[in-house]
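If you're wondering where the values come from, they're calculated on a predicted model, not measured in any experiment.
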Amino acid sequence: MLRRIFLTAALERLVDEGKIKRRSKAFRIMQMVISDGAAVLDDTQRRVYDQIIVPQIEQLERRVS
């Protein structure tokens with residue numbers, strides 16, 4: 001539950017900051033992860049998540065800390 005809340009808040013901030021656009025591949029991947037976890041991603045989606053989305057989330061965390 002906390003993971004969903006954290007990822008949902010992170011997605012909202014990334015959209016607000018213009019780092020992820022609604023209806024983009026990254027947005028859809030984040031929604032999949034929020035709903036069902038990263039295990040549902042195929043190899044290409046997993047690369048996008050690991051190489052693009054996760055670093056952006058980590059940057060958000062560093063700015064908050």
(request) Please report the shortest heavy-atom distance between I52 and Q56, naming the atom on each side. (result)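 In this case the closest contact between I52 and Q56 is O-CG, 3.3 Å.
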(request) Search all heavy atoms of A10 against all heavy atoms of L60 and return the closest pair with its distance. (result)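 Residues A10 and L60, closest heavy atoms: O-CD1, 3.7 Å.
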(message) Quick one, V15 and R22 - any side-chain contact, counting heavy atoms below 4.5 Å?
(response)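 Side-chain contact under 4.5 Å: yes.
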(message) Just so I know, are the side chains of Q59 and K19 near enough to count as touching, which here means a heavy-atom distance under 4.5 Å?
(response)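 In short, these two side chains touch, coming nearer than 4.5 Å.
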(message) Donor-acceptor check, side chain of T8 to backbone of I5, threshold 3.5 angstrom: yes or no?
(response)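 No: the side chain of T8 does not pair with the backbone of I5.
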(message) Quick one: does any side-chain atom of R28 pair with a main-chain N or O of R23 as donor and acceptor, under 3.5 Å?
(response)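 Judged by distance alone, yes, a pair lies under 3.5 Å.
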Between side-chain atoms of residues 30-42 and protein atoms elsewhere (two or more places apart, or another chain), which donor-acceptor pairs fall under 3.5 Å?
residue: S35; atom: OG; partner: Q31; partner atom: O; Å: 3.1
residue: D42; atom: OD1; partner: T44; partner atom: N; Å: 3.1
residue: D42; atom: OD1; partner: Q45; partner atom: N; Å: 2.8

About how many Å separate [atom2] of [Y] and [atom1] of [X], when rounded to the nearest 0.5 Å?
X   : Y   : atom1 : atom2 : answer
I53 : I20 : CD1   : CD1   : 5.0 Å
R62 : I57 : CZ    : CD1   : 12.0 Å
L14 : L7  : CG    : CG    : 10.0 Å

(message) Can you list everything that forms a salt bridge (charged side-chain N to carboxylate O under 4.0 Å, His left out) with R46? Sequence neighbours excluded, please.
(response)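 For R46 the salt bridge (charged side-chain N to carboxylate O under 4.0 Å, His left out) partners, ignoring immediate neighbours, are D50.
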